[in-house]
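If you're wondering where the values come from, they're calculated on a predicted model, not measured in any experiment.
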Amino acid sequence: MDFPYLITPLEALQERAREDHSSVAWWLSNWDAVRAAAVAVEKDVALVSVNTNSSEDSATLDGNKGDRMNLTLWGNGESLIAAVTEANPNTIVIMYSVGPVILEAWIENPNVSAVLWASLPGQGSGNS
């Protein structure tokens, strides 16, 4: 999908950090959970964004042709959550999903402080 403009969550967090005179560190690769955990160490809070998607039979995404074939997170999401929660005791999981997701592997982890179900927020997703 093409948006006339897109405000990403990272852009919105960076703008807020500038206003608050605070700092934001980030790692954008779900596939390098070790590095993501290293970035999360000794931070006040770690935000982990995970997702699922659907292409409604128009493409193959993360091994799923068309609609989702399972209820798991895509893009190494479970491993990413496991690594970051091990590194940071105040981890907030932000879920972008087209539907239900199996949470049992990590939802009871005491280092998961909150889960935000962001759904599919669109072009203003960062500000939302």
Side-chain angles (χ1 to χ4, degrees):
M1 175 173 269
D2 293 322
F3 298 114
Y5 67 90
L6 176 64
I7 299 168
T8 68
L10 178 56
E11 290 168 332
L13 288 168
Q14 289 171 321
E15 177 61 29
R16 182 61 181 259
R18 282 188 289 277
E19 292 171 9
D20 294 346
H21 304 288
S22 59
S23 64
V24 176
W26 63 90
W27 186 253
L28 298 177
S29 173
N30 284 17
W31 300 102
D32 189 350
V34 172
R35 181 69 181 128
V39 171
V41 170
E42 297 184 9
K43 300 297 188 282
D44 291 336
V45 64
L47 304 176
V48 178
S49 294
V50 293
N51 75 306
T52 66
N53 213 330
S54 177
S55 65
E56 298 179 1
D57 205 31
S58 63
T60 299
L61 302 170
D62 204 29
N64 291 275
K65 169 98 171 95
D67 288 335
R68 295 166 57 200
M69 307 288 271
N70 54 51
L71 298 178
T72 59
L73 293 170
W74 290 17
N76 202 39
E78 280 91 2
S79 296
L80 183 64
I81 292 169
V84 173
T85 55
E86 188 174 320
N88 190 296
N90 186 20
T91 300
I92 297 172
V93 178
I94 305 166
M95 300 188 65
Y96 297 93
S97 179
V98 295
V101 173
I102 297 171
L103 310 176
E104 281 79 4
W106 52 268
I107 193 69
E108 296 294 330
N109 184 317
N111 291 346
V112 173
S113 304
V115 176
L116 173 63
W117 192 280
S119 188
L120 300 173
Q123 66 190 17
S125 65
N127 290 334
S128 67

For the CG atom on Asp44, are there more than 12 heavy atoms of other groups (residues, nucleotides or ligands in this structure) within a distance under 6.0 Å? no

For Gln14, does the CD atom have more than 12 heavy-atom neighbours from other residues, nucleotides or ligands under 6.0 Å away? yes

Considering non-hydrogen atoms only, spot the tightest contact between Trp31 and Gly75 and give its length. CZ2-CA, 3.4 Å

Nearest heavy-atom pair of Thr72 and Trp74: which atoms, and what distance? O-CD1, 3.4 Å

Please determine whether residues Val84 and Ile94 belong to a single hydrophobic cluster, defined as Ile, Leu, Val, Met, Phe, Trp and Tyr linked transitively by side-chain heavy-atom distances below 4.5 Å. no

Give every donor-acceptor pair under 3.5 Å between a side-chain atom in residues 101-118 and any protein atom, sequence neighbours left out.
| residue | atom | partner | partner atom | Å |
| --- | --- | --- | --- | --- |
| Asn109 | OD1 | Asn111 | N | 2.7 |
| Asn109 | ND2 | Thr85 | OG1 | 3.1 |
| Asn111 | ND2 | Thr85 | O | 2.7 |
| Ser113 | OG | Asn90 | OD1 | 2.5 |

Interatomic distance, CG@Asn76 vs CG@Asn30, rounded to 0.5 Å, equals 6.5 Å

With Tyr96 as partner, the option from Leu73, Thr52, Val50, Asn51 fulfilling side-chain contact (heavy atoms from CB on, under 4.5 Å) is Asn51

Say whether Leu80 and Met95 are linked into one hydrophobic cluster, either directly or through other cluster members, by side-chain heavy-atom distances under 4.5 angstrom. yes

One should read off an interatomic distance between Lys43 NZ and Thr91 OG1, to the nearest 0.5 angstrom, of 12.0 Å

Donor-acceptor pairs are to be reported for all side-chain atoms of residues 32-42 against protein atoms at under 3.5 Å, with residues two or more places apart or in another chain.
| residue | atom | partner | partner atom | Å |
| --- | --- | --- | --- | --- |
| Asp32 | OD1 | Arg35 | N | 3.1 |

May I ask whether Leu47 and Trp27 are part of the same hydrophobic cluster, defined by side-chain heavy atoms of I, L, V, M, F, W, Y residues being less than 4.5 angstrom apart, directly or through others? no

Determine whether more than 12 heavy atoms belonging to other residues, nucleotides or ligands lie under 6.0 Å from atom CZ of Arg18. yes

So which heavy atom on Ser97 is nearest to which on Gly99, and how close? OG-O, 2.6 Å

Where is the tightest heavy-atom contact between Pro100 and Leu71, given as atom of each residue plus distance? O-CD2, 3.6 Å

In Å, rounded to the nearest 0.5 Å, how long is the span from CG of Leu6 to OG of Ser125? 5.5 Å

